[in-house]
Each structure stands twice: as C-alpha cells, then as structure tokens.
Asker: 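Submitted below is the structure of interest, expressed as structure tokens.
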Amino acid sequence: MYKILISSIIVFSFFNKGSAQQPTTDIQGIESTVQLYFDGWGTGDSTKVGKAMHSSCHLKYFREGKFTDISRLDYLSKFKIRARPDSLVTRIASINLTDNIASVKAEIITATHFFTDYFNMIKTDDGWFIVDKVSTNKKR
C-alpha cells in the first residue's frame, strides 16, 4: 500500500509539475519576444523588431479620421538606427494566454508620446511571434 501511495504521489507530481511549467515557459517566450520588439523599437533596429514579428504581421491604427493598415515591410522600413533615449520606458501591461495564442498589452512611453499597443501573438514551431498589432498614442 505504501509503495502505491508513493508511486501515486510521484506520478501526480510529475504531471502536475509538467502542466504548471508550460504556461511559465510560454509566458517567458512571450515576454522575450515583446522585449526583442521593445529593444528594436527603442534603438531603431528593424532587424530586432522584424524578428519579433511574423512575416504576415500588419500594424493598424485610426488617427485623424483615417484608418491605416501598414504591412510589416513598410513598418520596418521606417526604422533608423539611433541611441536608445534615456527617457524611454517600455512595459508589458498584461498578457492573456490560451494554448498557443496570446494577446499582449504593451506600453511605450517617450518624452513626447504614450503609445499603447495590443499584440496578437501565435506560438509556432519556431517560437512566439507578433502576428497583428493595433496601436494608439497620446501626446504627453
């Protein structure tokens, strides 16, 4: 009886530990991808931003009465290498995860603007990618 109890505890612990680790691993993967985006955005490094975004990704926003949809390629072409501003603040405000998809609310604060981005993300065999981005910003 004792052996059965110990075996049951070991098996339960193994399966419970495995299922608990998956979300942590996925959260870390999501955070790493978003941090890569932040690092690239902050320094104008289109290579880093591009690695965080799936090739099908589009940026969408509505400003001054106009809806705009920008392809990944057009978005990346606007980046120019620069020093990271000392005043730049980036943060992940929230992550909502279900299986291999996630929604991330990200904030980028510059000396002049407060950007809020919502990233839809998908985990593929190659890791986590931003597949869609909607954005808004306010002048500070």
Asker: Before accepting this row, confirm whether a basic side-chain N of the pair Asp132/Lys60 lies closer than 4.0 Å to the acidic partner's carboxylate O.
Answerer: yes

Asker: What orientation do Tyr75 and Tyr37 show, parallel under 30°, tilted 30 to 60°, or perpendicular over 60°?
Answerer: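 Rings of Tyr75 and Tyr37: parallel, under 30°.
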
Asker: Counting N and O atoms only, with roles assigned by atom type, does the side chain of Arg72 sit under 3.5 Å from a partner on the main chain of Met53, one being a donor and the other an acceptor?
Answerer: yes

Asker: May I ask you to decide if Phe114's main-chain N or O and Arg140's side chain share a donor-acceptor pair within less than 3.5 Å?
Answerer: no

Asker: Name all residues meeting the ring pair (Phe, Tyr, Trp, His ring centres under 6.0 Å) criterion together with Phe38; count only those two or more places apart in sequence or in a different chain, and write none if there are none.
Answerer: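 Phe38: no ring pair (Phe, Tyr, Trp, His ring centres under 6.0 Å) contacts found.
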
Asker: Would you check if there is a donor-acceptor pair between the side chains of Ser103 and Asn96 at a distance under 3.5 Å?
Answerer: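 Asn96 vs Ser103: no donor-acceptor pair found between side chains.
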
Asker: Is Phe129 close to Thr124 at the side-chain level, that is, under 4.5 Å between some pair of heavy atoms?
Answerer: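 Yes. Closest side-chain heavy atoms under 4.5 Å.
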
Asker: Checking Ser32 side chain against Gly29 main chain: does a donor-acceptor pair fall under 3.5 Å?
Answerer: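 Between the backbone of Gly29 and the side chain of Ser32 there is no qualifying donor-acceptor contact (under 3.5 Å).
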
Asker: Within a strict 4.5 Å, meaning less than it, do heavy atoms of the His58 and Ile70 side chains meet?
Answerer: no

Asker: Check the pair Glu31 / Ile92 against side-chain contact (heavy atoms from CB on, under 4.5 Å), numbers first and verdict last.
Answerer: CA-CA 8 Å; Glu31 290 172 339; Ile92 295 173; 3.9 Å; yes

Asker: Please step through side-chain contact (heavy atoms from CB on, under 4.5 Å) for the pair Trp41 and Leu88, ending with a clear verdict.
Answerer: CA-CA 10 Å; Trp41 195 96; Leu88 181 65; 3.8 Å; yes

Asker: Taking only residues two or more places apart in sequence or in another chain, which ones pass side chain to side chain contact (heavy atoms under 4.5 Å, CB included) with Tyr118?
Answerer: Lys105, Thr116, Val134

Asker: Measure the shortest side-chain to side-chain distance between Met121 and Ile30 over non-hydrogen atoms and say whether it is less than 4.5 angstrom.
Answerer: yes

Asker: Other than Leu73, which residues form its hydrophobic cluster under the rule that side-chain heavy atoms must be closer than 4.5 Å?
Answerer: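 Cluster partners of Leu73: none, it stands alone.
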
Asker: Does CG belonging to Asp99 count more than 12 external heavy atoms closer than 6.0 Å?
Answerer: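 No, CG of Asp99 has 12 or fewer neighbouring heavy atoms, counting only those of other groups under 6.0 Å.
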
Asker: Using the side chain to side chain contact (heavy atoms under 4.5 Å, CB included) rule, pick out the option among Leu36, Val34, Ile122, Asp26 that qualifies with Trp128.
Answerer: Asp26

Asker: Rounded to the nearest 0.5 Å, how far does CG of Asn120 lie from CD1 of Ile101?
Answerer: 8.0 Å

Asker: Below 4.5 Å, heavy atoms only, C-beta onward: do Ile27 and Leu97 meet side chain to side chain?
Answerer: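 A side-chain contact under 4.5 Å exists here.
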
Asker: Is any side-chain heavy atom of Thr136 closer than 4.5 Å to a side-chain heavy atom of Arg63?
Answerer: no

Asker: Find the distance between CG (Asp45) and CZ (Arg84) and round it off to the nearest 0.5 Å.
Answerer: 13.0 Å

Asker: Is a side-chain donor or acceptor of His113 paired with a backbone partner of Phe115 at a separation under 3.5 angstrom?
Answerer: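 Side chain of His113 to backbone of Phe115: no pair is present.
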
Asker: Step by step, work out the side-chain contact (heavy atoms from CB on, under 4.5 Å) result for Cys57 and Ile130.
Answerer: CA-CA 7 Å; Cys57 187; Ile130 299 167; 3.9 Å; yes

